[in-house]
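Source: prediction; values computed, not measured. All values below were derived from every heavy atom in this structure, side-chain atoms included, with hydrogens, water molecules and symmetry-related copies excluded.
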Amino acid sequence: MSEDIGKALLAKSKTIIESWIDSIRKDLDIESAKGLAYKSVRNSIPLVIEALATLLSSSITNDRQKLEDSGLEHGIVRAEQGYDAAEIVKEYSLLREIIFTVLEPDLVTASSKEILDKIKIIDSVVDRVISLSLESFVKARLQEIEQLQGQLILTNQELTRLVAAQKEDLSHL
């Protein structure tokens, strides 16, 4: 390939992020993003794009750990923001679509094999980030449920104690 697709991705990352945020804001299936600030929607996506660029580049140091960390972080933040799993998947679907659209001029200058190789890398990386995001999202939601369960147990114990005390008061009357 005449041009380094990883460097092209980095050079166009701002355009990708802006298009992605605009698409999320317009997408009716991602209701949870409607009330969020720009920075909250953007979240860790710049890190995902940067890590993807390192995997696509022959001249940038590969940093797979950054990709893993940013995918995990994205899922945790989305859980805190009240997203559901379908909204996270939809976000990444939009990201994949935008990446391919923005990189299309850079991809078409390559041979068919090079194009397919780059598409496979992009797809596998985005799929991995989706998996990591959903994994951390589910863990965060399970922790919330466990906390709620603990609160309910304590509330139930307090109510049981109050009922017992009220019964005792009534028996005295």
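In this structure, L9 and I122 have side chains that are not in contact, with every pair of non-hydrogen atoms separated by 4.5 Å or more. Counting heavy atoms from C-beta outward, I17 and P46 have side chains that approach closer than 4.5 Å. The shortest distance between side-chain heavy atoms of I30 and Y83 falls below 4.5 Å.
How far CG of L159 is from CG of N156: 6.5 Å, rounded to the nearest 0.5 Å. Separating the NZ atom in K90 from the CG atom in L28 is a distance of 9.5 Å, to the nearest 0.5 Å. We find the CD-CG distance between Q166 and D169 to be 7.5 Å, quoted to the nearest 0.5 Å. Taken from CD1 in I16 to CD1 in I98, the straight-line distance is 8.5 Å, to the nearest 0.5 Å. Atom-to-atom distance recorded for I76:CD1 and E135:CD is 10.0 Å, nearest 0.5 angstrom. Interatomic distance, E18 CD to D22 CG, rounded to the nearest 0.5 Å: 8.5 Å.
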Just distance, no hydrogens or angles: give the donor-acceptor pairs under 3.5 Å from side chains in residues 146-153, sequence neighbours left out.
none

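By the neighbour-count criterion of 12 heavy atoms within 6.0 Å, atom CD of E31 is sparsely surrounded, having that number or fewer from other residues, nucleotides or ligands. Around atom NZ of K34, more than 12 heavy atoms belonging to other residues, nucleotides or ligands sit under 6.0 Å away. Other residues, nucleotides and ligands contribute at most 12 non-hydrogen atoms within 6.0 Å of the CD atom of E104.
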Open item on the list: Could you go through L52 and I99, starting from their C-alpha distance and side-chain angles, then the distance that decides it, and tell me whether this counts as side chain to side chain contact (heavy atoms under 4.5 Å, CB included)?
Closed with: CA-CA 10 Å; L52 175 58; I99 286 171; 3.8 Å; yes

Task: From CA spacing to verdict: side chain to side chain contact (heavy atoms under 4.5 Å, CB included), D106, K12 - done: CA-CA 11 Å; D106 301 287; K12 297 176 180 186; 2.5 Å; yes

Open item on the list: I'd like to know whether R96 forms a side chain to side chain contact (heavy atoms under 4.5 Å, CB included) with F100, so could you lay out the CA-CA distance, the side-chain angles of the two residues, the decisive distance to 0.1 Å, and finally the verdict.
Closed with: CA-CA 6 Å; R96 182 189 325 250; F100 284 130; 3.5 Å; yes

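With sequence neighbours excluded, no residue forms a salt bridge (charged side-chain N to carboxylate O under 4.0 Å, His left out) with D84. Every residue two or more places apart in sequence or in another chain that forms a side chain to side chain contact (heavy atoms under 4.5 Å, CB included) with S40 is listed here: L36, A37, Q81. Residues forming a side-chain hydrogen bond (donor to acceptor under 3.5 Å, both in side chains) with E87 (at least two apart in sequence, or on another chain): S32. Scanning for side chain to side chain contact (heavy atoms under 4.5 Å, CB included) contacts around T15 gives S19, V102, with sequence neighbours left out. Residues forming a side-chain hydrogen bond (donor to acceptor under 3.5 Å, both in side chains) with R25 (at least two apart in sequence, or on another chain): none.
Considering all non-hydrogen atoms of both residues, G71 and S133 come closest at O-OG, 2.9 Å.
Between K118 and E114, none of the side-chain N atoms (NZ, or NE/NH1/NH2) sits under 4.0 Å from a carboxylate O, so this pair counts as no salt bridge.
Ring pair H74/Y92 is perpendicular by interplanar angle, where above 60° counts as perpendicular and below 30° as parallel.
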